[in-house]
Amino acid sequence: MILEVALIDVVPGQEEEFAAAYAKALPLLTTTPGCRKARMTRGIESPSKFVLLVEWDSVEAHVENFRASERFEKWRDLIGVHFAAPPVVEHFNDL
């Protein structure tokens, strides 16, 4: 299992719209083969900052099954309009 961590900065004032778009887009992510679970967190001190945490079977499951698919295009169309900048995305292994 690997953990995808995406740091997302949302345009100030669009946080609620982003959250609603995320709720609508979430099934595109969680029904992807190889996706185990996902959760979004929101900054307390910086409410325009969000962190997406996704557990994948492998990096390949993320890249091949999601990023290279129509699912990602639809996902990005729904939530991407609220990004202040491109998200920073990295993968991590448990120790």
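Just so it is clear, the values below take in all heavy atoms, side chains as well, and ignore hydrogens, waters and symmetry mates.
Taking every heavy atom of both residues into account, Gly34 and Ala61 meet most closely at CA-CB, 4.0 Å. Nearest heavy atom pair, residue Trp56 against residue Pro33, reads CZ3-O, 4.3 Å. For the pair Ser58 and Ile2, the tightest heavy-atom approach, listed with the atom from each and the gap, is C-CG1, 3.6 Å. Contact between Ala21 and Leu78 at its shortest, heavy atoms only, is CB-O, 3.4 Å.
Residues Leu7 and Phe92 are members of one and the same hydrophobic cluster, defined by side-chain heavy-atom contacts under 4.5 angstrom among Ile, Leu, Val, Met, Phe, Trp and Tyr.
A heavy-atom distance below 4.5 Å is not found between the side chains of Glu4 and Cys35. Under the 4.5 Å side-chain criterion, counting only non-hydrogen atoms from C-beta, Val5 is in contact with Val51. Here the side chains of His62 and Val54 are not in contact, with every heavy-atom distance at 4.5 Å or above. Within the 4.5 Å cutoff, no side-chain heavy atoms of Glu60 are placed close to those of Asn65. When side chains are defined from C-beta on, Asp9 does not count as touching Phe83, because their heavy atoms never get closer than 4.5 Å. Contact of the Leu3 side chain with the Leu53 side chain is registered, since non-hydrogen atoms from C-beta on lie closer than 4.5 Å.
How far CD1 of Ile44 is from NZ of Lys49: 14.5 Å, rounded to the nearest 0.5 Å. With values rounded to the nearest 0.5 angstrom, Glu55 atom CD is found 7.5 Å from Asp94 atom CG.
Between the side chain of Thr32 and the backbone N or O of Phe66 there is no donor-acceptor pair closer than 3.5 Å.
Of the N and O atoms on the side chains of His82 and Gln14, at least one donor lies less than 3.5 Å from an acceptor on the other residue.
Applying the salt bridge (charged side-chain N to carboxylate O under 4.0 Å, His left out) test to every pair with at least one member in residues 19-36, sequence neighbours left out, gives these pairs: Arg36-Asp57.
Listed by chain and residue number, nothing satisfies the side-chain contact (heavy atoms from CB on, under 4.5 Å) test with Ala68 (two or more places apart in sequence, or in another chain). Shown here are the side-chain contact (heavy atoms from CB on, under 4.5 Å) partners of Ser69, two or more places apart in sequence or in another chain: Arg71.
Geometric assessment of Arg42 against the ring of Phe50 yields a negative cation-pi assignment under the 6.0 Å and 45° thresholds.
Relative ring orientation between Tyr22 and Trp75 is described as perpendicular, the plane-to-plane angle rising above 60° on a 0-90° scale split at 30° and 60°.
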